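One structure is given here, and the rest of the page talks about it.
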Amino acid sequence: MHQYIRQFAEYVDKTVTAKGWVANMRDSKTNIFIVLRDGTGFAQAVVSLDVVGEEQFEIAKRLTQESAVALKGKVVADERQIGGYELQVESLEVYHVSEEYPISNKEHGVRFLADKRHLWLRSKRQWAIMQVRNAIIIAIHDFFQSKGFIQMDSPIFTGNAVEGTTTLFGTDFFGETAYLAQSGQLYGEAMAMAHGAIYTFGPTFRAEKSDTPRHLAEFWMIEPEMAFYDLDMNMDLIEEFVKSVVRQVVDRCRPQLEMLDRDVDKLMKIDQEFVRLSYDDAIAILKGEKEINGRNAITIQEEDLASAKKAIEEKTAEIAEREAAIKGGVKKGVRKFNETRILQLRKEIANHEEQLRNIPKWIESARNFVHGEDFGNSDETVLTKVFDAPVFVYNWPAPIKAFYMKEVEGDPNYVKGVDLLAPDGHGEIVGGSERENSLAILERKIKEHDLPMEAFEWYLDLRRFGSVPHAGFGLGLERLVRWICDIHHLRETIPFPRRYGRLFP
RNA sequence: GCCUCCAUAGCUCAGUUGGUUAGAGCGCCGGACUGUUAAUCCGUAGGUCCUUGGUUCGAGUCCAAGUGGGGGCGCCA
């Protein structure tokens with residue numbers, strides 16, 4: 001029997017056995033400091049020569065990063081330590097002395113880390129992200145289960161493309177072509193007619209060659225579907241849902257979010273009513289024609305651009321200053337300090353230069369936005385910068401949305417779709433709609449979208465036998481993780497990302 | 001698919017208008033020292049400067065093509 005680091009609070013001044021891996025260590029003549037990780041947390045363990053004796057001390061000294069050990073000792077409260085506790089080792093047992101570990105505690109490139117994903121998962125930052133991911137999953141289930149939603153699964157093999165737009169992965173299904181599911185939505189509707197309110201939670205596959213920080217070829221999606229719900233009720237539910245998940249995650253994972261340097265106060269700006277914009281209003285804001293609390297989307301970008309320029313000037317000047325300072329014979333410590341700082345400044349300047357290249361294009365794109373088009377990546381960023389909390393955009397032009405979305409009464413050019421856009425450039429995290437419940441209109445839409453009618457006969461049955469107003473939405477799990485953790489790239493939000501150009505490990 | 005930046009030690013990066021034997025930090029190994037926090041200090045080892053071709057007396061540096069990667073856009077959620 002052994003104890004987990006997570007439980008140390010319960011064992012203060014008591015003896016425990018912790019089993020885990022050496023995340024980092026330092027040694028001296030009389031003390032060895034081991035940062036132990038056991039999957040539930042990190043804690044420093046101290047091996048003292050006068051406590052364990054010479055033989056065990058020598059064994060401890062020969063440990064390497066990622067060696068596996070069991071450490072028996074007393075738990076001591078110490079505010080200076082990560083986690084707030086320290087283990088004073090009395091004896092140790094070695095399971096395995098690790099070979100030289102490739103991932104050091106210093107910086108690494110993304111490519112290098114991606115190739116070592118199976119080991120990278122052990123790193124503190126990746127550990128924290130996966131802990132948050134787990135908390136999000138639990139919070140999602142808690143929310144829907146507490147509301148009486150039934151969790152059901154949609155098939156992964158499907159015989160046809162749901163919306164006819166996306167590129168799917170084809171497989172051989174006993175001689176027939178089957179596609180990997182891109183959405184469980186249509187099946188969700190059938191299940192909602194059986195159980196009232198349901199949600200699916202499963203993997204989704206897209207074969208687009210999308211090489212961006214917000215795309216994966218395989219990702220997890222949550223798709224609730226509710227009978228007797230309209231667009232407004234749908235938005236109410238989405239808002240309540242997102243708030244509930246964020247609050248629960250912050251409550252349970254604050255230390256992990258702090259490890260990730262997540263600004264939790266900023267995240268908690270969700271504690272306000274989410275603004276609901278029609279597509280037309282959203283465009284006016286995007287183009288800078290309409291302001292929100294004195295904030296203009298275009299102006300904000302121009303300010304960002306100006307401050308990037310200024311930062312480059314200042315940092316270039318600082319580099320010159322520091323280079324001059326270390327030119328002559330200076331003490332080694334001084335030189336090292338300045339060199340480190342110069343390297344950091346260069347990196348920051350490179351980032352600012354990216355901004356200088358990108359922001360003008362974004363402004364251009366926002367200014368020239370054509371009514372009727374879908375929002376591009378940068379458009380979402382420009383729009384959401386005006387708000388602190390997620391923002392809804394509803395009533396979209398019919399041609400750019402799926403065939404199953406319900407037409408706005410009296411205006412068939414628009415449909416009752418809704419997207420929820422997260423702040424700080426995280427973009428769309430939820431996409432949903434009220435579904436078309438009229439058989440005649442749906443048949444017309446399927447023809448307009450040039451989809452094979454016979455493939456949708458079963459779906460049309462839902463409008464033949466007790467058709468009711470209903471609505472639902474899809475939430476991309478990884479995009480939610482990305483926003484809550486404030487991570488740049490989706491590849492860090494899933495244990496083993498599958499994306500364009502990445503199938504290994 | 002398009003635009004753009006890049007490829008130098010195990011890792012992260014310097015390398016001046018093209019010039020003689022290509023450097024630093026970290027990591028590894030050896031040592032010193034310390035209740036240490038990515039510790040610090042001294043020392044050793046470690047290189048197909050992505051590939052191919054070209055310009056040149058001379059190429060890590062310039063040119064072309066290829067390969068691989070980062071960032072942005074598109075497709076898309």
Side-chain angles (χ1 to χ4, degrees), chain A residues 23-35 42-48 64-65 76 78 80-82 86 88 99-116 123-124 163 165-168 182-183 185 204-217 219-223 323 332-333 335-337 339-340 342-344 346-347 350-351 353-362 364-365 373-381 400 402 419-421 425-432 473-480 482 488-490 500-502:
Chain A
N24 197 9
M25 70 179 264
R26 290 166 281 279
D27 68 342
S28 70
K29 198 174 272 177
T30 53
N31 288 313
I32 299 169
F33 301 99
I34 295 171
V35 177
F42 293 79
Q44 174 164 285
V46 188
V47 182
S48 295
T64 54
Q65 192 186 355
V76 175
D78 185 345
R80 292 170 302 176
Q81 304 305 335
I82 36 164
E86 181 177 82
Q88 295 183 338
E99 294 176 19
E100 187 179 341
Y101 192 62
I103 301 176
S104 69
N105 284 319
K106 290 279 180 172
E107 270 187 280
H108 297 285
V110 282
R111 159 81 178 192
F112 177 81
L113 291 169
D115 284 340
K116 308 259 180 303
S123 299
K124 205 175 275 181
E163 294 168 26
T165 51
T166 50
T167 317
L168 307 182
Q182 56 145 335
S183 162
Q185 130 107 59
T204 304
F205 309 89
R206 303 283 165 91
E208 279 105 16
K209 296 179 176 176
S210 305
D211 188 10
T212 88
R214 47 175 89 175
H215 289 90
L216 292 169
F219 61 99
W220 289 72
M221 193 149 69
I222 297 91
E223 295 183 282
E323 277 177 340
K332 193 167 179 186
R335 168 173 310 126
K336 209 171 142 187
F337 175 78
E339 279 174 349
T340 307
I342 287 168
L343 223 62
Q344 175 64 26
R346 280 193 181 133
K347 209 167 279 179
N351 285 335
E353 279 169 348
E354 290 278 4
Q355 286 180 290
L356 246 48
R357 280 194 287 270
N358 294 328
I359 294 177
K361 288 191 237 165
W362 297 0
E364 196 70 4
S365 162
E373 287 182 358
D374 205 350
F375 287 165
N377 244 331
S378 67
D379 300 324
E380 287 182 354
T381 303
I400 57 169
D419 285 356
L420 183 69
L421 309 178
H426 286 294
E428 183 182 341
I429 49 174
V430 171
F473 62 91
L475 169 104
L477 175 65
E478 287 75 18
R479 285 191 176 178
L480 186 61
R482 175 174 180 253
H488 177 69
H489 207 297
L490 229 42
Y500 183 55
R502 174 63 63 178

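This structure is a prediction, so every number in the text was calculated from the model and none was measured.
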Comparing A/Gln88 and A/Arg346 on RNA chain B - which has the more 5′ nearest nucleotide: A/Arg346
Proximal nucleotide (of B/G27, B/U36, B/G72) relative to the A/Glu86 side chain: B/U36
Spacing of A/Leu356 atom CG relative to B/C3 atom C1', expressed in whole Å: 16 Å
Watson-Crick or G-U wobble mate for B/A22, both contacts under 3.5 Å: none
Sole candidate of A/Leu477, A/Thr204, A/Leu490 that passes side-chain contact (heavy atoms from CB on, under 4.5 Å) when paired with A/Phe219: A/Thr204
Identified pairing partner of B/U17, criterion: Watson-Crick or G-U wobble below 3.5 Å: none
Interatomic distance, A/Asp27 CG vs B/G27 C1' [rounded to whole Å]: 15 Å
Touch class at under 4.0 angstrom, heavy-atom based, for A/Thr204 against every strand present: nothing
Quiz item: A/Gln81 side-chain donor-acceptor pair to B/U37 base, under 3.5 Å: yes
Sugar-phosphate, base or nothing in reach of A/Asp379, heavy atoms under 4.0 Å: nothing
Centroid distance under 5.5 Å and plane angle under 30°, A/Phe219 vs B/A77: yes
Between C1' of B/U37 and CD1 of A/Ile32, the distance in whole Å: 16 Å
Watson-Crick or G-U counterpart of B/G1, or none if no pair lies under 3.5 Å: B/C73
Interatomic spacing from CG in A/Asp379 to CG in A/Asp374 - rounded to 0.5 Å: 9.0 Å
A/Arg479 side-chain N/O to A/Glu428 backbone N/O, donor-acceptor pair under 3.5 Å: yes
Whole-angstrom distance between B/C2 and B/U20, as gauged at atom P: 40 Å
N/O (side chain, A/Lys29) to phosphate O (OP1/OP2, B/C33) under 4.0 Å: yes
Sugar-phosphate only, base, or nothing, as touched by A/Arg206 at under 4.0 Å among non-hydrogen atoms: base
Whole angstrom value for the distance that separates P of B/G74 from CD1 of A/Ile400: 13 Å
Rounded C1' spacing from B/U61 to B/A45 in Å: 28 Å
Check: A/Arg206 side chain, A/Leu216 main-chain N or O, donor-acceptor pair, under 3.5 Å: no
Pairwise P distance for B/G25 and B/G53, with rounding to whole Å: 36 Å
Pairwise C1' distance, B/G47 and B/A14 [rounded to whole Å]: 16 Å
Nearest to side-chain heavy atoms of A/Gln44, which nucleotide of B/U37, B/G72, B/G74: B/U37
Spacing of A/Glu380 atom CD relative to B/C73 atom C1', expressed in whole Å: 13 Å
Phosphate-side-chain proximity, A/Asn377 and B/G74, N/O vs OP1/OP2 below 4.0 Å: yes
Touch class at under 4.0 angstrom, heavy-atom based, for A/Glu428 against every strand present: sugar-phosphate
Proximity to the side chain of A/Asp78 - top-ranked nucleotide from B/G27, B/G35, B/G74: B/G35
Contact under 4.0 Å: A/Asn24 side-chain N or O vs B/A39 OP1/OP2: yes
Residue-phosphate contact under 4.0 Å: A/His108 side-chain N/O, B/G70 OP1/OP2: no
Identified pairing partner of B/G46, criterion: Watson-Crick or G-U wobble below 3.5 Å: none
For B/A64, the Watson-Crick or wobble partner whose two distances fall under 3.5 Å: B/U52
Nearest-Å distance once atom C1' is located in both B/C26 and B/U40: 13 Å
Trace of the side-chain contact (heavy atoms from CB on, under 4.5 Å) decision for A/Arg26 with A/Gln44: CA-CA 11 Å; A/Arg26 290 166 281 279; A/Gln44 174 164 285; 3.7 Å; yes
Base B/C11 to side chain A/Ser104, donor-acceptor N/O within 3.5 Å cut-off: no
B/G58 and B/C41, which share atom name P, separated by this distance in whole Å: 44 Å
CA sep, side-chain torsions, deciding dist, call: A/Lys361, A/Glu364, salt bridge (charged side-chain N to carboxylate O under 4.0 Å, His left out): CA-CA 5 Å; A/Lys361 288 191 237 165; A/Glu364 196 70 4; over 6 Å; no
Spacing of the P atoms in B/U8 and B/U48 (rounded, Å): 12 Å
Stepwise side-chain contact (heavy atoms from CB on, under 4.5 Å) test for A/Ile222 and A/Leu480: CA-CA 11 Å; A/Ile222 297 91; A/Leu480 186 61; over 6 Å; no
Sugar-phosphate, base or nothing in reach of A/Gln65, heavy atoms under 4.0 Å: nothing
Distance, rounded to the nearest Å, where A/His489 contributes NE2 and B/G69 contributes P: 12 Å
Touch class at under 4.0 angstrom, heavy-atom based, for A/Arg26 against every strand present: base
Touch class at under 4.0 angstrom, heavy-atom based, for A/Phe112 against every strand present: sugar-phosphate
From B/C29, B/G72, B/G27, nucleotide with atom closest to A/Thr64 side chain: B/C29
Sugar-phosphate only, base, or nothing, as touched by A/Gly474 at under 4.0 Å among non-hydrogen atoms: nothing
Below 4.0 Å: OP1/OP2 of B/U4 and any side-chain N or O of A/Arg357: no
Spacing of A/Phe473 atom CZ and A/Ile429 atom CD1 [to the nearest 0.5 Å]: 10.0 Å
Nucleotide nearest A/Thr212 (side chain, heavy atoms from C-beta), chosen from B/G72, B/G74, B/G27: B/G74
Sugar-phosphate only, base, or nothing, as touched by A/Gly376 at under 4.0 Å among non-hydrogen atoms: sugar-phosphate
Nearest-Å distance once atom P is located in both B/G54 and B/G60: 15 Å
A/Ala217 or A/Lys347, whichever maps to the more 5' nucleotide of RNA chain B: A/Lys347
Touch class at under 4.0 angstrom, heavy-atom based, for A/Ile82 against every strand present: nothing
Sugar-phosphate only, base, or nothing, as touched by A/Glu223 at under 4.0 Å among non-hydrogen atoms: nothing
Sugar-phosphate only, base, or nothing, as touched by A/Val46 at under 4.0 Å among non-hydrogen atoms: base
Heavy-atom closest pair, residues A/Arg214 and A/Glu380: NH1-OE1, 3.1 Å
